[in-house]
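A, B, ... follow the sequence lines: proteins, then strands. Residue 1 opens every chain.
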Amino acid sequence: MFKLIFIKELKEIIQSSRFTISFAVCSVLIILSFFMGAQNYLASQAQYEAAVQENRKQIAANTEWIMVNHSIMLPPQPLMALVNGISNDIGRNIEMSGRGELRADNTRFNDEPIFAVFRFMDLEFIFGIVLSLFAIIFAYDAINGEKVGGTLKLCFANSVSRASFIGGKLAGSFVGLSIALLIPMLIGCTLLPVLGVQLTSDEWIRLGIILASGLAYFGLFLALAIGISAMTNRPSNSFLIGLVFWIFAVLIVPRASVLISGRMIDVPNVDDITSQKNRYRTQLFEEDRPKMSSFKPEGTDPQNVMQQFSSYMRELSSKRQEKIDAFTERINEDYENKRREQEKLALNLSRVSPASVFTLASTELAGTSLKLQNRFMDSATDYQNVYGNFMQEKTGENQGGGFRMIMITTDDQEEPEYLDPNEMPRFEYKPVSASMATASSMTDLGLLILFNLLFFGGAFAAFLKYDLR
Amino acid sequence: MDDQHNETIKQAPLLEARNLTKVYEDGVKALDNLQLKVHPGEIFAMLGGNGAGKTTTINIFLDFIQPTSGNAFINGVDVNKDPLEAKKNVAFVSENVQLYPNFTAIQNVDFFVRLGGKSNYKRNDYEAALLRVGLQREAFDKKLKDFSKGMRQKCGIAIAILKDAPAILLDEPTSGLDPKAGKEFTRLVGELRDEGKAILMSTHDIFRAKEIADHVGILNAGVLVAQKTYNELKGVNLENLYVEYMAGYMEEATGSLINSLAE
């Protein structure tokens, strides 16, 4: 009986005009998001390559390593273009210095501020917003529509158990509508290599899990809509309740959780912290000023005096920097701890909503979650050590801002020797691997499965008590 | 069918309501100790106004609602105890047959007949049943959304025929049909009775009930106030009888209400 109802449901869905419209819209949106993602990735890749080349040219145009202003960039990843996460919101460039705090600048929205307003149409948007709504539109009258239509009574005038009916209906609806999603997904995946986006096997695995979690997310909204339909007598009521739930789950809960956690855990303002750091730096500098004035060189040879002065200032600067670093580390740690606590609370609160769970899972798998910023900064900090050592070796000093006096002498007889950019250590950003991404998204993937079980179970239980008349 | 055989099957009713009582949650008594039996080859017509308890009776037979007390049996199986087994023995045609609008007539018949447990039919069998109920061949592969009520009723009776259950429940099946379609429907129900089916039919249509029913029961406020056989109804003005019973019952009911209030 289950098979019969399952096949009937499948046929009914596929023959309906609602399916035709949904299939057309889903196909256009999903294929478009793959296409746009691929185009964005290729454009970002070209920009990145150009910036790297520019960096190398800038090194090659110099004759002294001390004159080099080196910056590193976050390399684009194909999955970043498909599931944007925070990749467009964080700074992509870091002006490198051998020591001191690093700061990432130049977000994607600096270049294209219009997208800060309207955002990109990525897979997370398509699934999170559009398809979840489609699931509700599709299934809001799955049960009460049959009741109003009169077919439910005719079905149950036969020897049909409620369990096989609702089971067949849930499975048939899910499989039927999954077809509408799987076909454009497969076309989208085929488009990637055709458009020149080559994914590694690791990225294919992650993309596969993202798409599977998208289907699970879609499935839970479908089950929810069927469940609501099995708890109400009129399709208009179930549509309204479904819509209200969708608004709360997709639009309100994620934002409200951030607001609530902000109220519950107080985190100092970034501007306050910066001004505290600046005040401390100024204070230390003022403390050192008398020492700077009391500098007395030995001898009168200008080159010797210059060297002594540089060495004296370097020593002062190093001691000051140590104090600044210690202060910064303490204040940053305090800030980071509070921020993480607030963030953790916000994320946990938001997990009440399946929409947040899907967003967290998909961005984690794509490597564009909140951790992206930390990963980029950690890679940059690792590189900073390598870069600092390299510059120390090349220039005899570790650049870190502060006072610096350079004297370059040239001999007209000698042809200046230009720098070899290949000598500069390469910055390597390590993207998240499939195993790491899956491991860190396990909680959210588990929650997606739990929501599915809950909603499918709820729909099942609701129908067992449904008045069939 | 010889008399002896008739006698044998009459001893075993296919549809039986035994002391059926239904009181809804709001306190309304929809059925009060209803007793009825429908034997093979019989049509039992339940007459009564709105809210008399006709549909409640059918809903109990189909396990859509549970009786407060009493039992409903289909082919000897207690509906309350084993509804799935009981429903294997019954076909149902509602007042307004609704099928899946995006399916064709053949697809709908195929689905519902399979749902009724018959999976060995071929398209030819479906076509034969649809032709028998008077549906034009051109309509077989048309979607149900384009069908009139009469055409849908024909599909409904075709499904009931193909299910080939020994008992049939008809819930005001001719309501809203034009006279020609109603007459056609009556003919088909008569044929099914002649094939030995036990048919319980609820209706408002006194004349059609008198025309084809072997037994007519008049329900009022859940009580079977009168029950007459076909022979007893010969020469009787059923309309007058109906009004008389209803009025008499109402008078009695009103009288007892006044008495109870006076006390």
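Counting heavy atoms of neighbouring residues, nucleotides and ligands inside a 6.0 Å radius, atom CZ of A/F248 does not exceed 12 of them. Within a 6.0 Å radius of CZ in A/R18, more than 12 heavy atoms belonging to other residues, nucleotides or ligands are found. Heavy atoms from other residues, nucleotides or ligands lying under 6.0 Å from NZ of B/K143 number more than 12.
Considering only heavy atoms from C-beta on, B/S94 stays 4.5 Å or farther from A/L154 through its side chain. With a 4.5 Å cut-off on side-chain heavy atoms, B/L115 and A/K8 do not count as touching. Between A/K11 and B/N102 the shortest side-chain heavy-atom distance does not fall below 4.5 Å.
Of the options B/V90, B/L84, B/N89, a side-chain contact (heavy atoms from CB on, under 4.5 Å) to A/S159 is made by B/L84 and by none of the others.
When all heavy atoms of B/F112 and A/N158 are compared, the closest pair comes out as O-ND2, 4.2 Å. Closest of all the heavy-atom pairs between B/K87 and A/F156 is NZ-O, 2.6 Å. Summarising the geometry of B/Y100 relative to A/C155, their closest heavy-atom pair is OH-SG, 3.4 Å, with the distance given to 0.1 Å. For A/T151 against B/Q98, the heavy-atom pair with the smallest separation is CG2-O, 3.2 Å. Pairing each heavy atom of A/Q15 with each of B/Q107, the nearest pair is NE2-NE2, 3.3 Å. Closest approach of A/A157 to B/F92, counting heavy atoms only: CB-CB, 3.6 Å.
Only the side chain of B/I65 comes within contact range of chain A, with at least one heavy atom under 4.5 Å from a heavy atom of that chain.
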